[in-house]
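Below is one structure, written out as structure tokens; the observations come after it.
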Amino acid sequence: MLEAVASQDLWFWHAFCGPPGSQNDINVLQQSSLFVTERNGTAPKCPFYVNNHLYKRGYLLTDGIYPPWSVFVKSIPYPHEVDAKKFKRQHEAARKDVKRAFVVLKGKWGVLSQPMRERTIRKIRSVVYTCIILHNMILKDDGNAIAPMHIRDPPVELALDDMVLGELMDEDTHWKLKHDLINHLASQDLPHLLVDYDKD
């Protein structure tokens, strides 16, 4: 099981690997270093505005298994309105970038396509992380990376904030953000989203 953050250029920005079978999306979420800092209130601040509403934290595009928390934006399973269909199309296109990065990674490194059950968890993690690092190095050397240098986040004080978990689990913010993103996307001139929606 691999959790990753990747950009359009196939650059892996974050990865967390766990043994298959014992991990599902929710278990990975609870162990992920990416989300643990968010949950503890030690993640870098990244406020943004959508439709003149301020949101304190960034968000992650997820599939339907994740809970409706303020930092998760899920697709709409069966959209009926044109704006909701546009949102679904854009959401799925962005998530396909990560899936495409997985396909390229497995195609480049055959060892990732083979069963690794005989190996220890530590060895499996080492193999996966080594393949990702080599993949990023090749992208950088070929000049195909959009941002080929790592930008370090500013240091954050290591202090746990008890209020953060409640804010993360806020379903009202989840639905408000989703609504604002749908409206924002509808107001943009994005020709690739203009399709014959009657066929969907």
Check your understanding: For I182 and I76, what are the C-alpha separation, side-chain angles and deciding distance, and is it a side chain to side chain contact (heavy atoms under 4.5 Å, CB included)?
Key -> CA-CA 10 Å; I182 290 170; I76 301 168; 3.6 Å; yes

Review point. Do you see a donor-acceptor pair shorter than 3.5 Å between the side chains of D180 and H184?
Key: no

Revision key, fill the gap. On a heavy-atom basis, the closest approach of S7 and W13 is OG-NE1, 3.0 Å

**Study point:** Nearest non-hydrogen partners of K74 and T62, listed with the distance
**Key:** CG-OG1, 3.2 Å

**Study point:** Residue pair F72 / P67, side-chain heavy-atom distance below 4.5 Å
**Key:** yes

Point to revise | Test item: N136 side-chain N/O and F12 main-chain N/O as donor-acceptor pair under 3.5 Å | key: yes

Point to revise | Non-hydrogen side-chain atoms of D142 and I138 separated by less than 4.5 Å | key: yes

Point to revise | With sequence neighbours excluded, residues passing salt bridge (Lys or Arg N to Asp or Glu O under 4.0 Å) with K178 | key: none

Practice item. Can you measure from CZ (R95) to CG (D97) and round to the nearest 0.5 angstrom? Key: 11.0 Å

Check your understanding: Going from CG on L177 to CG on D172, what distance comes out if it is rounded to the nearest 0.5 angstrom?
Key -> 12.5 Å

Review point. When hydrophobic residues are tied together by side-chain contacts of less than 4.5 Å, even through go-betweens, does V73 share a cluster with F48?
Key: yes

Review point. Can you tell me how far the CG atom of L168 sits from the CH2 atom of W69, to the nearest 0.5 Å?
Key: 7.0 Å

**Study point:** Short N-O contact, E92 and K88, less than 4.0 angstrom
**Key:** yes

Check your understanding: Any chance OH of Y59 has more than 12 other-residue heavy atoms, nucleotides or ligands included, within less than 6.0 Å?
Key -> no

Name each donor-acceptor pair under 3.5 Å that joins a side chain in residues 99-112 to protein atoms two or more places apart or in another chain, with its distance.
residue: R100; atom: NH2; partner: Q8; partner atom: O; Å: 2.8
residue: K108; atom: NZ; partner: H135; partner atom: ND1; Å: 3.2
residue: W109; atom: NE1; partner: C131; partner atom: O; Å: 3.4

Exercise for review: Kindly compute the distance separating CG (D83) from OG (S187), expressed to the nearest 0.5 Å.
Suggested key: 9.0 Å

Practice item. Check M169, H174, R57 against V71 for a side-chain contact (heavy atoms from CB on, under 4.5 Å) and give me the one that passes. Key: R57

Check your understanding: Hey, does the side chain of N51 reach the backbone of H53 with a donor-acceptor pair shorter than 3.5 angstrom?
Key -> no

Exercise for review: Apply side-chain hydrogen bond (donor to acceptor under 3.5 Å, both in side chains) to K56 and list each qualifying residue two or more places apart in sequence or on a separate chain.
Suggested key: E167

Point to revise | Shared hydrophobic cluster, W175 / L61 (ILVMFWY, side-chain heavy atoms < 4.5 Å) | key: no

Check your understanding: What is the distance from atom OG of S70 to atom NZ of K176, rounded to the nearest 0.5 Å?
Key -> 11.5 Å

Point to revise | Reported OH-to-NE2 distance for the pair Y78 and H80, which is rounded to 0.5 angstrom | key: 10.0 Å

Check your understanding: Can you name the nearest heavy-atom pair linking A15 to I132, along with the distance?
Key -> CB-CD1, 3.5 Å

